[in-house]
Structures are given as C-alpha cells and as structure tokens.
Amino acid sequence: MEVVDGNEVDGLNNVVNGINELELAKYRGKAKRMIGRWAGVRGPSRQNNTPTEGVYTREGLVDDNEEVVVEPTRSIPIHARCDVLVVGGGPSGLSAALSARRTGADVILMERFGCFGGCITTVGMETLAWYRYEGTVDVEGIGIEMERLAASMGGTVKWPYNESECLDADFFKVVADHLVKSSGVRPLLHSYAVDVIMEDDTIKGVIMESKSGRRAILAERVIDCSGDADIAHMAGAEYKKTAKDEMMGVTTVFNVSGVEKEKFVKYTEENPATYQDWSRTWDQETTGKEDSLKSPYLDREFEIARQKGIIPEKETQDIGGSWSALTNAGEATNLNLAHLSNIDCTDVEDLTKAEMEGREQAMYALQALKGVVPGFEKAKLRNFGMTIGTRDSRKIIGRYNLTSEDVRNQARFEDSVGIFPEFIDGYNILILPTTGRYFQVPYGCTVPPGVKNLLVGGRCVAGDKTSHCAMRNMMACTVTGQGAGVAAAVSLKENVSTHDVDIKLVQKELVRQGVRIH
C-alpha cells in the first residue's frame, strides 16, 4: 500500500474545493446554458475578437529603417520540374501530394526536415483525431487512410478515453515513407523554400535552399502546406495575422520512459479529470455536453508540486495539459504540458526563445510528475519533439473566408471538398462533435484570389479566429490538403487556372478517391 503525504492530500483538497463565489456563478451560468441546449435552445455564439487581427502582404512588412545588404545577381540551377509542387510534408502536404498523384499529376513533395509527417513526426503530436467521442460523424479520405495504415502496420495504440488512435510519432515516419514511395510521388527532404518564382500574378515555382545549395523548382501548380502560409506570403498574397499577445500558445512536446503504467492508470481512475477541469486555468466556452466527458488532463498535480516546493511558483504558471499514449514498456508519449504564450512563430527570435524556454518548462513538468504523480517516480526524459509545436500564425485571405457561424452551424457550400465534424479547440473554446453535427469545407478557403495557380492546404486556410480553431486540427488539414491536391491536378488536365477549375470535376474526382463531400 502506498503511503500518501498528508500535506499532499490537503493540497489537493484545497485545489479541488477552493471555488470562490465568482467561479460558482460561472458554473451556474454554464449549467443554465447546458439545460437550455438539452431543450434544443442554441444560445448566441461568442463573437470573434478581431480588432487586433491585422491584414498584411509581404510588401507591407518592409522596414525602411532596417539595415540591408544587396545580393548580387546570379544564375540559379534548376533542380527539378514537375506538374504539382507541394511545399510541406505534414498531414495536409501528404494528402495534397497523394491526391494530386492519384489524379494523374507528376508531383514533388518538398519538406524542410528529414522526414514526412509534419506535426506528428517533428513535434510529437500523435493524435490525428482525438475528438472522436461517441456520436461523431467523421471525415472520409486520405486522413482516415493514413490512420488505418499506421494501425495495420502496428504503429498505434488506443487513445485513453475514446476510439481514436494514438500514432507512434517515430513509426509514422515509416508510414509516411511507405505512402510516398508506393504512390510515385517524388520526395525531396532537407529542402527549405526561401522565395517564389512569379510571372506577373502567376506562380511558376519556388527557390529552395539545401545542402546542394540554392536551387529552383519549376512547377505548373504550387500547393502551400507550410502551416504558416510561407509560400502565399512570399508570393504577395494577402493574409491575416492575430496580434502576438492574443495568438494561441506554442508547446514543447516531450516523451518519457520508466513509467509504471498500472500504477499511473490506477491514479487516473481514482482521480478522473474531465473537460470541465480545463476551466480551472482559463475561462473556457463549451456547449455543456463536453464538461462531463473524461479527459487525459493533468493540472492540479502541478499546483501541488508548487505548494510542496518541487517546482518554482513564478516560472511554472503555464504548465499543465494532456497526456496521451502509454505503452506496456513504460513510455508516456505526447506529453502536451509545457506551453509558452506571446510567441510569433514567424519570428526567428521568438522561435529561438520558445525552443529553449520550452525545454526548460518541460523539465519542470517532469520534475513535478516525478514528485507528485504515482507511477512517474522513476520516469526519465526519453526525447523532445524535433521542433516546437505551433498553432497560430498567418491565415490567407481567401476567395471565401470561413466564419465562426460556419463551423458552429453546419455550413453547406456548393464548392465543398470535404466535411469536418463540429470540433472547435482554441481561443478558450472547446466544442466536441458528439451530436453528429458537421460542416462542409469550401474549396474557396484554399484559394488566394491575388495569385494564380497557388493553393493553400492545412491550418493557414482562410477564415476567422474561431474557424481556425477547427481547421487547424490535423484531420481537418488532410481535408483541405486533399481538396487542393485534386483541384491542382484537375486544373492541369483541363488546362485552366486554379481560379477557374470546374468544381464539379474536382468533386467527382474527390468522390472517386473516397472523400465524403456532403
């Protein structure tokens, strides 16, 4: 039998029971809204706070007072030519490349790291679709295919509280390699896009840097799956960007070994967390139906660690979050606990700060887990993600810009390229898709009107802050990626620009590829 420190029990009780009148009033309000929704009443949506969300272009960011050097004019070797160039090899980029290839295009998939998989393999985020509680109507297409392939190859375990799969981040590198090689997509790793090749308002390719030097890739169509709209930005497309102090935070994901799985699972069963517990640290909006669902959440434990002097008070206020996969070998992966705010992930100085401070926060988090959480006493660091996990940066101004109303109220579009469940996670909103509600994703949100033959897939598609909280999720990224990939290839077949492609032909090909569009 384990002996529990009396101070630890008191500390936990103080955290659990320390609810003041203001918090009680908040919960009464939530209960009232929840009862209303059970009765079929839909309350007013929270409005986006957009005054500090600016609209920018590349030219608009030039600082006339900045010191500069002038690069000499030089010839750049052409590294390759292709029909469709996809920049960024994450869930959206893989989906774009595979779908364009299946539509008959010659495709290059270019990635700056040494592996494909994006946020899964480089950050260590192992859930394409953790939202999959009972009642969810999910997407259909390459995203599901990737998840099922990983499971069939032995590269997944079940997520703790529903039927979602946790992908083994390192093994998914092998899964992604298999998908690319078996499809005929031409892979190009360790290649960083640094500029674009333009002919008037039409993109013709990109300039990339690698160990082979500065080289050009010429393409009939380019799909920006960089996550930060890097190509759209360099091509002069308009985009939105939220003020840095309002951007969603960044996270250093880490993995540990030496966990006594049975002991930790017993602790979580005796101290269950729900999504209502997320409201302890921020004012969270839900529909009420989420609040009682179980969540792999750790937060009170860090408060106890602070009270006991295990971790410092001031430097650790942003520690807390979710755990995910547990292996029988005692590995706890995808520990999403070390967060930093006020970081612009398009600013190299901010990224440098975040990488270093994030690792420091992760070590504080591990220190707390070892000192407070049963099963973690002998845990040790296994590895960090290859790069900081980011959620929020540039979002293009599209032919159509998704809205809060669209993602909350089952929007339907004539140019739909897929569906996504009513799952919204970010900016203090959490809505889980347990009622079967979903919205259609329009082709227009992938189209920057000012640049021809450029499409955008992934989290940087067009929309407001609330819609971004839906479209940034990895499974949603596979939807826009596959839609963009098919549209690029169909536009080539029809000899028209991506602005003028016949959406009926795009939808016909998507359906052939197994996508649900309505």
Side-chain angles (χ1 to χ4, degrees), residues 82-86 91-109 137-149 179-180 182-185 203 219-225 396 398-402 406-407 410-421 438-449 451-458 461-463 470-471 475-518:
C82 62
D83 292 336
V84 178
L85 171 64
V86 180
S92 65
L94 283 167
S95 300
L98 293 170
S99 63
R101 181 70 188 125
R102 291 172 184 178
T103 312
D106 173 33
V107 182
I108 290 177
L109 178 58
V137 173
D138 210 352
V139 310
E140 296 173 22
I142 287 176
I144 300 296
E145 178 186 336
M146 290 192 293
E147 192 177 50
R148 288 175 179 166
L149 177 61
L179 285 166
V180 171
S182 63
S183 69
V185 169
I203 193 165
E220 298 297 323
R221 305 289 184 269
V222 178
I223 305 177
D224 182 349
C225 295
I396 66 162
R399 174 187 289 175
Y400 182 83
N401 301 286
L402 282 162
D406 292 333
V407 300
Q410 303 196 96
R412 301 292 186 259
F413 298 97
E414 290 186 2
D415 64 342
S416 172
V417 292
I419 68 165
F420 191 65
Y438 65 89
F439 62 93
Q440 294 173 2
V441 178
Y443 173 63
C445 74
T446 73
V447 182
V451 185
K452 292 179 181 176
N453 294 339
L454 173 67
L455 295 173
V456 173
V461 296
M471 300 310 297
M475 193 61 85
C477 291
T478 69
V479 174
T480 53
Q482 187 163 8
V486 167
V490 169
S491 73
L492 272 169
K493 281 186 174 182
E494 299 301 312
N495 196 29
V496 296
S497 77
T498 51
H499 285 179
D500 301 319
V501 67
D502 185 339
I503 193 63
K504 297 299 183 185
L505 295 177
V506 174
Q507 291 171 329
K508 182 179 179 181
E509 175 61 24
L510 285 167
V511 170
R512 188 190 73 82
Q513 293 189 15
V515 175
R516 177 176 177 174
I517 61 173
H518 294 124

Set of side chain to side chain contact (heavy atoms under 4.5 Å, CB included) partners for [X], sequence neighbours left out:
{"X": "Asn495", "value": "none"}
{"X": "Val479", "value": "Val139, Val441"}
{"X": "Ala487", "value": "Tyr443, Leu455, Val506"}
{"X": "Val515", "value": "Gln482, Leu510, Ile517"}

[atom1] of [X] to [atom2] of [Y]: how many Å apart, nearest 0.5 Å?
{"X": "Glu220", "Y": "Ile203", "atom1": "CD", "atom2": "CD1", "answer": "12.0 Å"}
{"X": "Leu454", "Y": "Thr446", "atom1": "CG", "atom2": "OG1", "answer": "9.5 Å"}
{"X": "Ile142", "Y": "Ser92", "atom1": "CD1", "atom2": "OG", "answer": "11.5 Å"}
{"X": "Cys82", "Y": "Leu109", "atom1": "SG", "atom2": "CG", "answer": "10.5 Å"}
{"X": "Cys225", "Y": "Leu94", "atom1": "SG", "atom2": "CG", "answer": "9.0 Å"}
{"X": "Met146", "Y": "Thr478", "atom1": "CE", "atom2": "OG1", "answer": "5.5 Å"}

Audit row: Val107, Val86, side-chain contact (heavy atoms from CB on, under 4.5 Å) steps and yes/no:
CA-CA 7 Å; Val107 182; Val86 180; 4.2 Å; yes
Heavy-atom closest contact ([X] atom, [Y] atom, distance):
{"X": "Cys477", "Y": "Thr480", "result": "O-OG1, 3.2 Å"}
{"X": "Ala476", "Y": "Phe420", "result": "N-CE1, 3.4 Å"}
{"X": "Ala470", "Y": "Phe439", "result": "CB-CZ, 4.1 Å"}
{"X": "Val180", "Y": "Ser183", "result": "O-OG, 2.8 Å"}
{"X": "Cys445", "Y": "Leu402", "result": "SG-CD1, 4.1 Å"}

Within the structure provided, determine whether [X] and [Y] are in side-chain contact (heavy-atom separation under 4.5 Å).
{"X": "Met475", "Y": "Pro91", "result": "no"}
{"X": "Val84", "Y": "Ile223", "result": "yes"}
{"X": "Gln440", "Y": "Gln410", "result": "no"}
{"X": "Arg412", "Y": "His518", "result": "no"}
{"X": "Val490", "Y": "Thr103", "result": "yes"}

side-chain hydrogen bond (donor to acceptor under 3.5 Å, both in side chains) partners for [X], two or more places apart:
{"X": "Thr498", "result": "none"}
{"X": "Asp138", "result": "Tyr131, Arg132"}
{"X": "Arg516", "result": "Tyr438"}

I'd like to know if Arg102 pairs up with Glu145 as an ion pair, taking the criterion as any Lys NZ or Arg NE/NH1/NH2 lying under 4.0 Å from an Asp or Glu carboxylate oxygen.
yes
Salt bridge (charged side-chain N to carboxylate O under 4.0 Å, His left out) involving [X] - partner list, sequence neighbours excluded:
{"X": "Glu140", "answer": "none"}
{"X": "Arg101", "answer": "none"}
{"X": "Asp83", "answer": "none"}

Derivation and outcome, side-chain contact (heavy atoms from CB on, under 4.5 Å), residues Val447 and His499:
CA-CA 7 Å; Val447 182; His499 285 179; 3.5 Å; yes
Backbone N/O of Ser416 and side chain of Gln507: donor-acceptor pair under 3.5 Å
yes
Using modelled atom types only, decide if a donor and an acceptor are shared between the side chain of Asp415 and the backbone of Gly444 within a distance under 3.5 Å.
yes
From CA spacing to verdict: side-chain contact (heavy atoms from CB on, under 4.5 Å), Glu494, Val501
CA-CA 8 Å; Glu494 299 301 312; Val501 67; 5.6 Å; no
Return each pair, listed once, that meets salt bridge (Lys or Arg N to Asp or Glu O under 4.0 Å) where at least one residue sits in residues 502-512; pairs must be two or more places apart or across chains.
Glu509-Arg512
